[in-house]
Undergrad: 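Okay, here's the structure, questions in a sec.
When a residue number appears, it is its place in the shown sequence, counting from 1.
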Amino acid sequence: MESAHFTEVTLRVDGADHTARIDNRTTVLDLLREHLGVTAPKKGCDHGQCGSCTVLLDGRRQTTCLSFAVAHDGAEIVTAAGLGAGEDLHPIAQAFLDHDGFQCGYCTPGQICSAVGMLDEVKSGAPSHVTDDLEADPELTDEEIRERMSGNLCRCAAYPNIVAAIHEGAR
């Protein structure tokens with residue numbers, strides 16, 4: 001039975017093309033996890049408040065639990081699992097490992113994607129709420145990292161290690 005409430009969408013996820021016919025109310029997160037079997041992004045709060053579902057969507061960090069998949073037809077999505085090159089971890093993922101930037105690990109994929117996206121924002125000169133000089137390139141201080149990563153929560157409170165990992169990965 002055909003219905004106007006379903007749409008076929010095509011996405012490139014971690015380098016592979018996927019097409020799925022989905023209910024128009026399906027979020028990007030549910031498309032990834034339930035339809036495509038991509039489990040790196042996690043469903044935490046399902047309200048866009050914890051950041052565990054963060055991916056890079058067309059190069060920018062995005063919480064996927066609040067984004068309808070039909071609005072992103074043709075998009076490129078990179079999850080934490082797709083950041084590395086083969087067996088080599090992405091420098092941020094390696095820094096999280098080296099600095100124990102995780103404990104239970106549930107938030108880690110979202111933290112890593114958010115950190116990668118955040119560092120791209122810093123490189124582009126985008127200021128945050130704590131950036132002192134809006135004319136200069138942002139300085140990657142602990143305060144700057146904490147502010148920019150504030151949308152990603154860690155129930156285990158591994159924040160000092162996450163900040164250290166981001167400093168390391170930024171080098």
Undergrad: Show, in sequence, the C-alpha distance, side-chain angles and deciding distance for Ile22 and His35, and conclude whether the side-chain contact (heavy atoms from CB on, under 4.5 Å) test is met.
TA: CA-CA 9 Å; Ile22 56 167; His35 295 268; 4.0 Å; yes
Undergrad: Could you go through Ile112 and Phe96, starting from their C-alpha distance and side-chain angles, then the distance that decides it, and tell me whether this counts as side-chain contact (heavy atoms from CB on, under 4.5 Å)?
TA: CA-CA 8 Å; Ile112 289 171; Phe96 266 69; 4.0 Å; yes
Undergrad: Would you compute the distance between atom CD of Glu168 and atom CG of Leu97 and round it to the nearest 0.5 angstrom?
TA: 11.5 Å
Undergrad: Quick one: pull up NE2 in His18 and CZ in Arg12 and give me the separation to the nearest 0.5 Å.
TA: 9.0 Å
Undergrad: State, yes or no, whether a side-chain contact exists between Leu32 and Val13 at a heavy-atom distance under 4.5 Å.
TA: yes
Undergrad: If hydrophobic clusters are built by linking Ile, Leu, Val, Met, Phe, Trp and Tyr wherever their side-chain heavy atoms come under 4.5 Å apart, do Val55 and Val70 end up in the same one?
TA: yes
Undergrad: If you look at every heavy atom in Gly44 and Ser52, which pair is closest and at what distance?
TA: N-OG, 3.2 Å
Undergrad: What I'd like to find out is whether the side chain of Ile77 reaches to under 4.5 Å of the side chain of Val28, using heavy atoms alone.
TA: yes
Undergrad: Compare all side-chain heavy atoms of Thr7 with those of Arg21 and state whether any distance is below 4.5 angstrom.
TA: no
Undergrad: For Glu144 and Thr131, does a side-chain donor sit closer than 3.5 Å to a side-chain acceptor?
TA: yes
Undergrad: For Leu11 and Gly74, work out which heavy atoms get closest and say how close.
TA: CD2-N, 4.3 Å
Undergrad: Check whether any side-chain N or O of Ser124 sits under 3.5 Å from a backbone N or O of Glu121 as a donor-acceptor pair, and report yes or no.
TA: yes
Undergrad: Should we say atom CD of Glu8 is surrounded by more than 12 heavy atoms from elsewhere, each under 6.0 Å from it?
TA: yes
Undergrad: Applying side-chain contact (heavy atoms from CB on, under 4.5 Å), run through His72 and Val9 and close with a yes or a no.
TA: CA-CA 8 Å; His72 299 289; Val9 295; over 6 Å; no
Undergrad: Closest heavy-atom contact between Pro138 and Ala126?
TA: CG-O, 3.5 Å
Undergrad: Quick check on Asp58: does its CG atom have over 12 non-hydrogen neighbours (other residues, nucleotides or ligands) under 6.0 Å away?
TA: yes
Undergrad: What I want to find out is whether Lys43 reaches Asp30 closely enough, with some N-O distance under 4.0 Å, to be called a salt bridge.
TA: yes
Undergrad: Determine whether Val38 and Val116 fall in the same hydrophobic cluster, where Ile, Leu, Val, Met, Phe, Trp and Tyr are linked whenever their side-chain heavy atoms lie under 4.5 Å apart.
TA: no
Undergrad: Under a 4.5 Å side-chain heavy-atom rule over Ile, Leu, Val, Met, Phe, Trp and Tyr, are Val78 and Met118 clustered together?
TA: yes
Undergrad: Taking the side chain as everything from C-beta on, heavy atoms only, tell me whether Ile162 gets closer than 4.5 Å to Gln111.
TA: yes
Undergrad: Do the side chains of Leu153 and Tyr159 get nearer than 4.5 Å, heavy atoms only?
TA: yes
Undergrad: Report yes if the side chains of Ile166 and Leu119 come closer than 4.5 Å at any heavy-atom pair, otherwise no.
TA: yes
Undergrad: Less than 4.5 Å apart, side chain to side chain, heavy atoms only: is that true for Leu83 and Ile92?
TA: no
Undergrad: Using the rule that Ile, Leu, Val, Met, Phe, Trp and Tyr join whenever any side-chain heavy atoms are under 4.5 Å apart, tell me whether Leu29 and Tyr106 fall into a single cluster.
TA: no
Undergrad: Could you pull out the closest heavy-atom pair between Cys65 and Thr27, with the gap in Å?
TA: O-CG2, 3.3 Å
Undergrad: Taking C-beta and beyond as the side chain, do His167 and Ile145 meet within less than 4.5 Å on heavy atoms?
TA: yes
Undergrad: Of the non-hydrogen atoms in Cys113 and Leu56, which two are nearest, and what is the gap between them?
TA: O-CD2, 3.5 Å
Undergrad: Answer with yes or no whether the side chains of Arg61 and Thr54 bring together a donor and an acceptor at under 3.5 Å.
TA: no
Undergrad: Would you check if the side chain of Asn161 reaches a backbone N or O of Asp100 as a donor-acceptor pair within less than 3.5 Å?
TA: yes
Undergrad: When you measure from the side chain of Thr79 to the backbone of Ala81, do you find a donor-acceptor pair of N or O atoms at a distance under 3.5 Å?
TA: yes
Undergrad: Provide the closest heavy-atom pair for Cys104 versus Cys156 in the form atom of the first, atom of the second, distance.
TA: N-SG, 3.6 Å
Undergrad: Carefully, step by step, assess Arg148 and Val122 under the rule side-chain contact (heavy atoms from CB on, under 4.5 Å).
TA: CA-CA 9 Å; Arg148 290 176 184 266; Val122 170; 3.5 Å; yes
Undergrad: For Gly51, is there any backbone N or O sitting under 3.5 Å from a side-chain donor or acceptor partner on Asn152?
TA: yes
Undergrad: Please say which of Cys53, Cys50, Ser114, Cys154 ends up in a side-chain contact (heavy atoms from CB on, under 4.5 Å) with Cys107.
TA: Cys154
